[in-house]
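All residue numbers in this chain count up from 1 along the given sequence. All ligand and atom numbering here is 1-based and tracks the order in the structure.
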Amino acid sequence: MILALESSCDETAVALFDPSVGMAAEWVHSQIALHERHGGVVPDLATREHLRHFAPLVALAQREPGFAAVSEVAVTHGPGLAACLAVGGAAAKALALGLRVPLSGVNHLRAHAWSPFIAAHAEAPEKFAERLKVWLPHLGLIVSGGNTLLFTIDEQRVITVMAATRDDAAGEALDKGAKLLGLGYPGGPLVEKIGAGGRADAFDFPRGNGPRSELDFSFSGLKTSLRYRLEKMPAEEVATRLPDLCASYQQAVIDSLVRKTRVALERRGWRSLGLSGGVANNGVLRAALAVEAKRAGVEFFAAQPRHTGDNAAMIAFAAWADTTGVERTAGFDLRVEPNAPLS
Ligand code: AMP
Ligand code: MG
């Protein structure tokens, strides 16, 4: 049984995972309501909240029947906000030492990379290792507020970055666009909701794709283009055309993600495609990538909605599934790595 803790940004999360059965229990305390007022995550406030919320969440875990079987503690050791990571790291060290079990440091991005497989594992835990062989090599897309990454998992479970964003992350582009449109934070879900009532081809925003051979993403031009467009529009027009603006802006982000993923899919005989990170919540993106996977003849795995944002279930799962990138320690010597890369 793996007890996992996550506190890299603005979610305090705890999970219990039994690799031979599945996720036993999981809890997430989100701080969105707190940071909303500030239009973004305030690191000091986030740290204070993590300090407050780990003890009650761990107390819930202790009430689970499976807690007595905990044989490993896992914690996010990076990347993330340094002070936030330190809170989770300290809590995890205390738990590992108290329970006399080893402590694993899990890379948050690698946990996102593995998260689309959590559901497949839960379906048939005993068959997962065999089934995974059929799904590797895997091409994955992580889209979140801080990252936009195309990566691969090879047959030996080695993760390699294929492409990243040159400027803003996809979620950041949606959040900044939403801010320009006068919407709240985080903007991605609001843009999706309002955009559902609009036309995606109403406005022609740039795709920032660059040459076909180039897999890296770029979203800064898109944001600038929205700013210029809004400067030319009277406020009443912005208000009445808000659904069209949201739908078109969102479509520009999604088109870039889909197009680069399509090019990457054509490069090699991948056996599956994965989608994860907060932006993976977006229904239009999920549907578009499902179509691409089908066209390429590969299995499509999108992280379940509760595992797209930050959560401890994916940390527990990666502690077990990520056989090539977990830092295994005896407890005292876990390092916090705020700038750790995906690979
Ligand atoms: P994360 O960085 O993984 O915590 O994810 C947060 C990011 O996901 C933010 O940029 C949100 O705007 C974005 N996001 C969350 N839900 C959606 C959605 N339904 N559509 C698009 N973006 C979303
Ligand atoms: Mg994240």
K.L.:
Test of understanding: with side chain to side chain contact (heavy atoms under 4.5 Å, CB included), list the residues that count as partners of Pro137, not counting sequence neighbours.
P.N.:
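Only Glu155, Arg268, Trp270, Arg271 meet the side chain to side chain contact (heavy atoms under 4.5 Å, CB included) criterion with Pro137.
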K.L.:
Hey, what's the ring geometry for His29 with His53, parallel, tilted or perpendicular (30° and 60° as the breaks)?
P.N.:
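Correct class here is parallel.
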K.L.:
Any side chain to side chain donor-acceptor pair (under 3.5 Å) involving residues 293-302? Give me the pairs, sequence neighbours left out, ordered by first then second residue.
P.N.:
Glu292-Arg295
K.L.:
List ligand 1 atoms under 4.0 Å from Glu192, heavy atoms only on the residue side.
P.N.:
18 (C), 19 (N), 20 (N)
K.L.:
Examine Gly277 against ligand 1 and note whether any of their N/O atoms are separated by less than 3.5 Å.
P.N.:
no
K.L.:
Does Arg166 count as lying over the ring of Phe217, i.e. NZ or CZ under 6.0 Å from the six-ring centre, within 45 degrees of the axis?
P.N.:
no
K.L.:
Ion pair present between Asp244 and Arg199, side-chain N to carboxylate O less than 4.0 angstrom?
P.N.:
no
K.L.:
Considering only heavy atoms of Ser144, which atoms of ligand 1 have at least one such atom less than 4.0 Å away?
P.N.:
1 (P), 2 (O), 3 (O)
K.L.:
Less than 4.5 Å apart, side chain to side chain, heavy atoms only: is that true for Phe205 and Gln251?
P.N.:
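With C-beta onward as the side chain, the pair stays apart.
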K.L.:
How does Leu174 reach ligand 1, by side chain, by backbone, by both or by neither, if only non-hydrogen atoms under 4.0 Å count?
P.N.:
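It is the side chain that gets close, since no backbone atom is under 4.0 Å.
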K.L.:
Of the side chain and backbone of Asp175, name the one, both, or neither that has a heavy atom under 4.0 Å from an atom of ligand 1.
P.N.:
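The side chain, only.
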K.L.:
At less than 4.0 angstrom from any non-hydrogen atom of Gly145, what atoms of ligand 1 do you find?
P.N.:
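Taking each heavy atom of Gly145 in turn, ligand 1 has 1 (P), 2 (O), 5 (O), 6 (C), 7 (C), 10 (O) under 4.0 Å.
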K.L.:
Counting each atom of ligand 1 from 1 as listed, which ones have a heavy atom of Gly171 under 4.0 Å away?
P.N.:
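In order of number, 10 (O).
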K.L.:
Which option out of Cys9, Pro186, Gly188, Gly146 puts a heavy atom nearest to atom 23 (C) of ligand 1?
P.N.:
Gly188
